[in-house]
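As structure tokens, the structure follows; a few thoughts come after it.
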Amino acid sequence: MKKKPTLRSQHSYGKHDKDGFIHRSWMKSQGIPDHAFDGRPVIGICNTWSELTPCNAHLRDLAQHVKNGIWEAGGLPVEFPVMSLGETQMRPTAMLFRNLLAMEVEESIRGNPIDGVVLLGGCDKTTPAQVMGACSVGLPFLVVSSGPMLNGKFRGRDIGSGTDVWKFSEAVRAGEMSVKDFMSAERCMSRSHGTCMTMGTASTVACVIESMGLSLPYNGTIPAVDAHRKALSHESGRCIVDMVLNERTPEVVLSRQSFENAIITNAAIGGSTNVVLHLLAIAGRIGLPLKLEDFDAIGKNVPLLVDLMPSGRFLMEDLHYAGGLPAVLQQLKDTLHLDAMTVTGQPLRTYIEGAGHFDEEVIRLRSNPVKEQAGIAVLKGNLCPQGAIIKPSAATPTLLKHRGRAVVFESIEECRERMDDPSLEVDKDSILVLKGCGPKGYPGMPEVGNMPLPPKLLEAGIKDMVRLSDARMSGTAFGTVVLHIAPESAMGGPLAFVQEGDWIELDVEGRTLHLDVSDEELTRRKASWQPPEAHMERGYYWLYHQHVLQADQGADMDFLVGKSGHVVTRESH
Ligand code: FES
């Protein structure tokens, strides 16, 4: 029989001295019985519950089910809150605070007498931040996600979070939808607890996490309000105790193969471009070499198998009923690393064995994909020396090779101001260029890369144009949108020097983005360029601005890359 590991919680709860008294006595004020301090694993439940993050508002309920599983398996559950990042509420953008949450998660785990952690979260930035922080500590952890909302229903048809907001809003601007109808769609879109039910960033992250073996199977797709999610939470509670007793740390579970599986999965589900940033940052925390170029090289020949919005027709509820992520992984089994480890102690292969596949419209067969090639294309060129990305599956095929004149906006505010101006000199072949929206620029790299189109072109029936920026794009959005240009304009990247009327060439097949301006002229423009004033004199904004890395490095902070480990040598005083 395997020897029981020495638990770090015993440093606090296992001593019969003054320190042990203090650690136990105050915990007992909550009614925890004496026998719960008998040397059993203490499991933290790291909860991003908040009413300001509506997609996490049911997490205290799920936490109770996790606790039930932990008790049942012989552990002691302790729930603790961490900062919550509501994607639809936080200014200037939730992404600004991803690294702050990651830092809080890391120190909350390190500073407390816990042996393993369940990461309970679910909005776009909460799960990546929790995983980043937990990876830097290195204790066993697994993820329980919020789960997606029920499908939106509006006037007899399904509508998707985010995706249909963009469509309705363009319809209002084109005069095709009344403001009254627009507003009546609000309640119809968000019908239950849970995360956005399109294949936006939250759904993508949950599915990708599952493909990495960091959660139990079906965690990515079970609807938030389905009783199966409560049962999965209970099972996850049992699993984390087993992980602690068997010392299944992130080093055991995560490998280069897990990240390659994540990239393949992201391509096949038509996942969000934001995942690129998050996976790069997570890999950085565990010291695993992952490069921007890997997303292209590994994902390039993966077919798009899931027909979900924003790229396709269906929603997360449909995906779950069609067989969930295991059915998707089953279709990909010849390309995945099926021996990659999971939180269960079994290889990924066990997640797909016997997986049912019930709808070949929602989850396509390999022989009948939505698109032959999905994945994220990584562009290089004199406009993005450190790279830029585009999601071809969400773009207009005819625009993937395009030459046009730049219409330049120095900020998102200027973009909003000028875009609706009838005198704006723009036509369908123009390329919309947005500056000042990178990690340092906004600050926080907002999701504004899918700029709205000029009303006069919308009215003429134009639905897409080439747009490029150093910003991000919501996972629920779509269009021929080049994102994450690095270095960003606020750092003096070449994007900063693009001027109105410059010719730009996009060639996604050739993986290039070229500004048709001579090197001499660019040098001349650079010499007269002034960096924008940052106005970030204090607090977290200052820290972030000083230390955030560029998009091609995952936009983590330079001093957070790598691990601290779980050992804190000094006693609590
Ligand atoms: Fe939280 Fe979309 S707003 S998942």
Side-chain angles (χ1 to χ4, degrees), residues 47-62 82-98 101 119-131 143-152 158-169 185-210 215 219-226 229 266 269-275 277-278 308-311 315-317 319-320 325 394 444-450 472-478:
N47 195 344
T48 55
W49 171 86
S50 166
E51 289 177 344
L52 283 167
T53 308
C55 38
N56 288 206
H58 59 304
L59 291 186
R60 296 227 59 212
D61 179 31
L62 284 188
V82 286
M83 184 183 191
S84 196
L85 308 178
E87 194 67 25
T88 53
Q89 311 297 320
M90 291 194 84
R91 291 167 187 253
T93 169
M95 181 65 182
L96 173 63
F97 306 107
R98 183 200 64 177
L101 171 56
L119 303 175
L120 197 51
C123 200
D124 297 16
K125 309 302 176 303
T126 56
T127 304
Q130 288 174 302
V131 173
V143 173
V144 175
S145 300
S146 300
M149 286 184 218
L150 298 177
N151 289 0
D158 283 4
I159 56 171
S161 318
T163 306
D164 277 296
V165 183
W166 318 131
K167 287 187 180 158
F168 290 161
S169 132
E186 283 177 9
R187 191 169 298 282
C188 303
M189 184 168 286
S190 307
R191 296 173 49 232
S192 76
H193 286 310
T195 47
C196 295
M197 78 325 247
T198 41
M199 190 51 83
T201 305
S203 299
T204 305
V205 168
C207 288
V208 160
I209 287 289
E210 184 178 329
S215 70
N219 173 64
T221 55
I222 300 173
V225 293
D226 190 318
R229 182 154 295 279
N266 189 46
I269 62 177
S272 161
T273 46
N274 283 315
V275 161
L277 292 169
H278 302 320
L308 250 66
M309 296 182 204
S311 306
L315 294 166
M316 288 300 288
E317 227 189 308
L319 176 59
H320 184 62
L325 193 73
M445 215 181 166
E447 291 186 332
V448 292
N450 55 321
R472 295 179 300 118
M473 173 171 86
S474 164
T476 61
F478 49 87

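This one's a predicted model, so the numbers in the text were calculated from it and none came from an experiment. We count ligands from 1, going down the list as the structure has it; atoms in each ligand are counted the same way.
Ordered by chain and number, C196 SG make up the set of protein N, O or S atoms under 2.8 Å of atom 2 (Fe) of ligand 1.
In this structure, the separation between CE on M309 and OG1 on T163 is 6.5 Å, given to the nearest 0.5 Å.
When the side-chain hydrogen bond (donor to acceptor under 3.5 Å, both in side chains) test is applied to N56, the partners found at least two apart in sequence or on another chain are T48, S146.
When side chains are defined from C-beta on, V205 counts as touching P128, because their heavy atoms get closer than 4.5 Å. Between V82 and L101, the closest side-chain pair of non-hydrogen atoms falls below 4.5 Å.
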Pair up each side-chain donor or acceptor in residues 190-200 with any protein partner under 3.5 Å, not counting sequence neighbours, and list the distances.
from, atom 1, to, atom 2, distance (Å)
R191, NH1, N151, O, 2.4
S192, OG, L150, N, 3.0
T195, OG1, G147, O, 3.0
T198, OG1, S161, O, 3.0

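Residue pairs meeting the salt bridge (charged side-chain N to carboxylate O under 4.0 Å, His left out) criterion with at least one partner in residues 159-169, sequence neighbours excluded, are R157-D164.
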